Amino acid sequence: IGGVSSYDWNPVSEEQLAAAETALGDEQVYWAPFGKVYHTDLDCQHLNRTNEPYEGDVATAIASGKTRICKTCAKNAGIEIDDNGAVLSIAAPVEEAAPADAE
């Protein structure tokens, strides 16, 4: 029974890994020893009980069994994800409007 419960029934596909690596590049991500989520923000509220989180790139996090990005981190970073937490894309940065000249 132990072997069956540890099997990953929904592994990360090559396409999902490529999308995450493209979206996050070489950015450091963080994860706790347990769970299936990695974070882009070390100060994420969901990491607050982890004394010493692991850190590395997305490929390392996924190889460590983390299958999706934290929904809070994704929202804060403007990363579009699907219902399972797989990275779809990063929203274009919001450009500030130039101030109108007062005449």
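Reckoned from all heavy atoms, side chains included, excluding hydrogens, waters and symmetry mates. These figures come from a predicted structure and were not determined experimentally.
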For residues A59 and L17, report the shortest heavy-atom separation together with the two atoms involved. CA-CD1, 4.1 Å

Please report the closest heavy-atom contact between P33 and K66, naming both atoms and the distance. O-NZ, 3.5 Å

Provide the full list of side-chain hydrogen bond (donor to acceptor under 3.5 Å, both in side chains) pairs with a residue in residues 46-62, sequence neighbours left out, each pair given once. H46-T72, D57-T60

List, by chain and number, the other hydrophobic cluster members for Y30, where Ile, Leu, Val, Met, Phe, Trp and Tyr join if side-chain heavy atoms come within less than 4.5 Å, directly or indirectly. L42, L47

Cluster membership besides L88, Ile/Leu/Val/Met/Phe/Trp/Tyr side chains within less than 4.5 angstrom, sorted by chain and number, is none

My understanding is that only residues two or more places apart in sequence, or in another chain, count here; which of them pass side chain to side chain donor-acceptor pair (under 3.5 Å) with S64? none

Checking side-chain contact (heavy atoms from CB on, under 4.5 Å) for the pair T67/I62: CA distance, chi angles, key distance, verdict? CA-CA 6 Å; T67 58; I62 290 173; over 6 Å; no

Under 3.5 Å donor-acceptor, E21 side chain and A18 backbone: no

Is a donor on one side and an acceptor on the other found under 3.5 Å between the side chain of K36 and the backbone of R68? no

Could you check whether any side-chain heavy atom of I69 comes within less than 4.5 Å of a side-chain heavy atom of I79, counting everything from C-beta outward? yes

Hits for side chain to side chain contact (heavy atoms under 4.5 Å, CB included) against K75, two or more places apart or cross-chain, chain-then-number order -> none

Under the rule for side chain to side chain contact (heavy atoms under 4.5 Å, CB included), what residues qualify as partners of A20, not counting sequence neighbours? Y38, V58, V87

Could you grab the distance from atom CG of N76 to atom SG of C44, nearest 0.5 Å is fine? 7.5 Å

Any chain of hydrophobic side-chain contacts (each under 4.5 Å) joining V29 to V37? no

